[in-house]
Amino acid sequence: MTNVLRMSKVYAPTLKEDPSDAELASHRLLLRAGMMRKNAAGLYSFLPLGMKVLKKCEAIVNEEMDDIGAEQILMPFVQPAEIWHESGRWDDYGPELARMTDRHGVEYCLGPTHEELITSIVRNELRSYKELPVYLYQTQVKFRDEIRPRFGLMRGREFLMKDGYSFHATQESLQKTYDETSEAYARMCDRMGLEWRAVEADSGQIGGKVTTEFMALAEYGEAEIVHCTCGYAADAEAGECICTVTQYERDGIEKISTPGVHTIEELAEFLDIPSTSCMKALSVKDPEGNITVFFIPGDHELNDIKANRVIPGFDFLTDEEMVEAGLFKGSMGPVGLPEGVRVIADSNLKDVAQWAVGANEDGFHYAGARLGVDFEVDGWADLCQVKPGDKCPECDKLLDGARGIEVSQVFQLGTKYSESMGAYFMDEDGTEKPFIMGCYGVGVSRSMAAVVEQHHDDLGIIWPLAVAPAHVCVIPLTVGDDLVQPAAEKLAEELAALGIEVAIDDRSERAGVKFADADLIGWPLQVVVGKRGLAEGNVEVKLRRTGEKRDVPLADVVGLLDFTGRVDFKSEAGFNAFDAIFE
Ligand code: ATP
Ligand code: MG
């Protein structure tokens, strides 16, 4: 029985108790089901069953990449520092980039991503527009020294990523590859059984709508998403914030004694107005030390990415720096700021005629400070983190919120790397041009965790067929006898002959232990073979997804499960494939 997975031989140490530091279901259950083990913060080993799932996820990703014409390669995990100096990222990447020096004193890094390396491979050798586009990818371990590795595979330091890179002569060609890759990413999610959404993401310094993230929806996902019934969806880090600010109008400006009032909530309560009528102030400095105060609607938070776009490299002032600059924490306002302090306000405040703000004096606020009369604003910008209830930028309806796990991202890079690293080709018109590039990443190990996040219950994992460690587990309730085990073995072999992936729990464990482990590991279908059932010629078939059970004559099982030609286990999540048994 070479094709049957024998649980007596498989190294899958299951745990009865929840590991104490595992907060998320995926983290907890992958450990408990004996699929992986932690070696250090953000470092995990995949054990045999976990490895099977990971390999299936990887195969889905690789197949979809091959299908759109990308070619698989393998680059070194360790990369020379030199090329990172060329792109400027040796300095920009920060402490997430793990650096090392070899015995000769030459610097290297552990690859967190491979734009530099791939660019260094094609430059000087890929020379003519006639050879373009070129699309290469690899599926390989990455290392990022994450500040807070957590949630198991979700945010590891070492993790498996599929990273692809494309080189083009024209923007149209890049757009085509970008769209095809987006479609492939959608299919990958579908095949893994993920419920997902494509969202507008932050495009960093490049700007424009040139990047999309694929989010697996999950209650405990790290990413916040806003979405609208019109189809608009964005990562809350990136989405435009259009909100409703409640006008609070008065006859004129009035300075009010507000003892003990320092927060927006306290001010709103003191003035008996909604927090949406108060303006939050945040003091920041640029790398040269020039000070700016940002004003945003009181019920919103500053989005650091957006703020960084307005003041690159900004930092918040410390309490001491505020005192030094003559600013009053908890009482800042645009009226009467110290000389040289700039005011930049959120665009949503443009139409707000009168502001409730600090008076730049401890214990005082202004109510009704008039924009354009009592104070001026030096600049307007989209500064706030969008949240549910804000307006959709595309249709004006109110946005809903959700949480998600970023499983993949597509990105139009433009010429950032080709220009900085001198990667040029000869175009049709005889001129040298930098390659227009795209890059595309899938978190393979994170996707595996996302599948568990979406498909589990109190008892354990519920694998979609396409990524299950095996499709069916045959469970003989006694082993070593001459009735039950032989019947189970024969059945397992017959099912395997149908092309179904079969495991047999041939361990000499109590029935209760086998049932619990089968539910925990999450085989999509269990076939229980016991003495009592066999006496009547029956086995019990249990669908993990619903818990439904049915007695089936032993002789009928193979017929019932003969899906040949109907279900392609490898290319469909196939949740419902086994449902037919229960109709
Ligand atoms: P995040 O914002 O979650 O840190 P990222 O945007 O920095 O991720 P990318 O550079 O886009 O990540 O990498 C491509 C994919 O690799 C991501 O979409 C994600 O699925 C996966 N990934 C990134 N960081 C990690 C990590 N620390 N652990 C596991 N998977 C990761
Ligand atoms: Mg990303």
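Start at 1 and go down the list; that is how both ligands and their atoms are numbered. Residue numbers count from 1 along this sequence.
Protein heavy atom in closest approach to atom 15 (C) of ligand 1: Gly443 N, 3.8 Å. Scanning the protein heavy atoms around atom 11 (O) of ligand 1, the nearest turns out to be Gln409 OE1, 3.1 Å. When hydrogens are left out, the protein atom nearest atom 22 (N) of ligand 1 is Phe159 CE1, 3.5 Å; that is the closest non-hydrogen contact. In terms of protein heavy atoms, atom 14 (C) of ligand 1 is closest to Met161 CE, 3.7 Å.
Proximity of the aromatic rings of Tyr440 and Tyr135 is defined here by a centroid distance below 6.0 angstrom, and this criterion is met. Less than 6.0 angstrom separates the ring centroid of Phe425 from the ring centroid of Phe435. Within the 6.0 Å centre-distance limit, the rings of Tyr185 and Phe214 are counted as a close aromatic pair.
Using the six-membered ring where Trp is involved, Trp90 and His85 have ring planes that are tilted, between 30° and 60° apart.
Inter-residue side-chain proximity for Leu117 and Pro76 is flagged as met; some heavy-atom pair is nearer than 4.5 Å. In this structure, the side chains of Phe143 and Arg157 come closer than 4.5 Å at one or more pairs of heavy atoms.
Of all atoms in ligand 1, numbered sequentially from 1 with element shown, those under 4.0 Å from a heavy atom of Arg144 are 5 (P), 7 (O), 9 (P), 10 (O), 12 (O), 13 (O), 23 (C), 24 (N). Contact atoms of ligand 1 toward Val407: 18 (O), 20 (O) (distance under 4.0 Å to a heavy atom of the residue). Taking a cut-off of under 4.0 Å to the non-hydrogen atoms of Ser408, the atoms of ligand 1 that pass are 18 (O). Near Glu146, the atoms of ligand 1 lying under 4.0 angstrom from a non-hydrogen atom of the residue are 24 (N), 26 (C), 27 (N).
Between Gly441 and ligand 1, no N or O atom pair is found at a separation short of 3.5 Å. In terms of polar-atom proximity, defined here as any N/O pair under 3.5 Å, Val442 makes no such contact with ligand 1. The distance criterion of under 3.5 Å between nitrogen or oxygen atoms is met by Gly156 with respect to ligand 1. Taking distance alone, with nitrogen or oxygen atoms compared against 3.5 Å, Ser445 stays at or beyond that limit from ligand 1.
Comparing Arg148, Glu222, Arg446 against atom 25 (C) of ligand 1, the shortest heavy-atom distance belongs to Arg446.
Looking at Asp202 and Lys306, no side-chain N of the basic residue comes within less than 4.0 Å of a carboxylate O on the acidic one, giving no salt bridge. Between Glu115 and Lys416, none of the side-chain N atoms (NZ, or NE/NH1/NH2) sits under 4.0 Å from a carboxylate O, so this pair counts as no salt bridge. Electrostatic pairing of Glu222 and Arg403 does not count as a salt bridge here, judged by no charged N lying under 4.0 Å from a carboxylate O. Salt-bridge check for Lys142 with Asp163: passed, with a basic side-chain N closer than 4.0 Å to an acidic carboxylate O. By the 4.0 Å N-to-carboxylate-O rule, Glu321 lies close enough to Lys285 to be salt-bridged with it.
The proximity of Glu406 to ligand 1, defined as any non-hydrogen pair under 4.0 Å, involves the side chain as well as the backbone. Residue contacts with ligand 1, taken as heavy atom pairs separated by less than 4.0 Å, involve Leu153 solely via the backbone atoms N, CA, C and O. The parts of Arg155 lying near ligand 1 are both backbone and side chain, judged by heavy-atom distances below 4.0 Å. Looking at Glu213 against ligand 1, nothing comes within 4.0 Å, counting heavy atoms.
Residue contacts with ligand 1: Lys142 is excluded, as none of its non-hydrogen atoms falls under 4.0 Å.
Per residue Glu406, closest N, O or S atom to the Mg ion (ligand 2): atom name OE2.
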(request) Under the side chain to side chain contact (heavy atoms under 4.5 Å, CB included) rule, what do Arg446 and Val444 come out as? Steps first, then yes or no, please. (result) CA-CA 5 Å; Arg446 186 185 279 184; Val444 181; over 6 Å; no

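The Mg ion (ligand 2) lies at 2.8 Å or more from every N, O or S atom belonging to Ser408.
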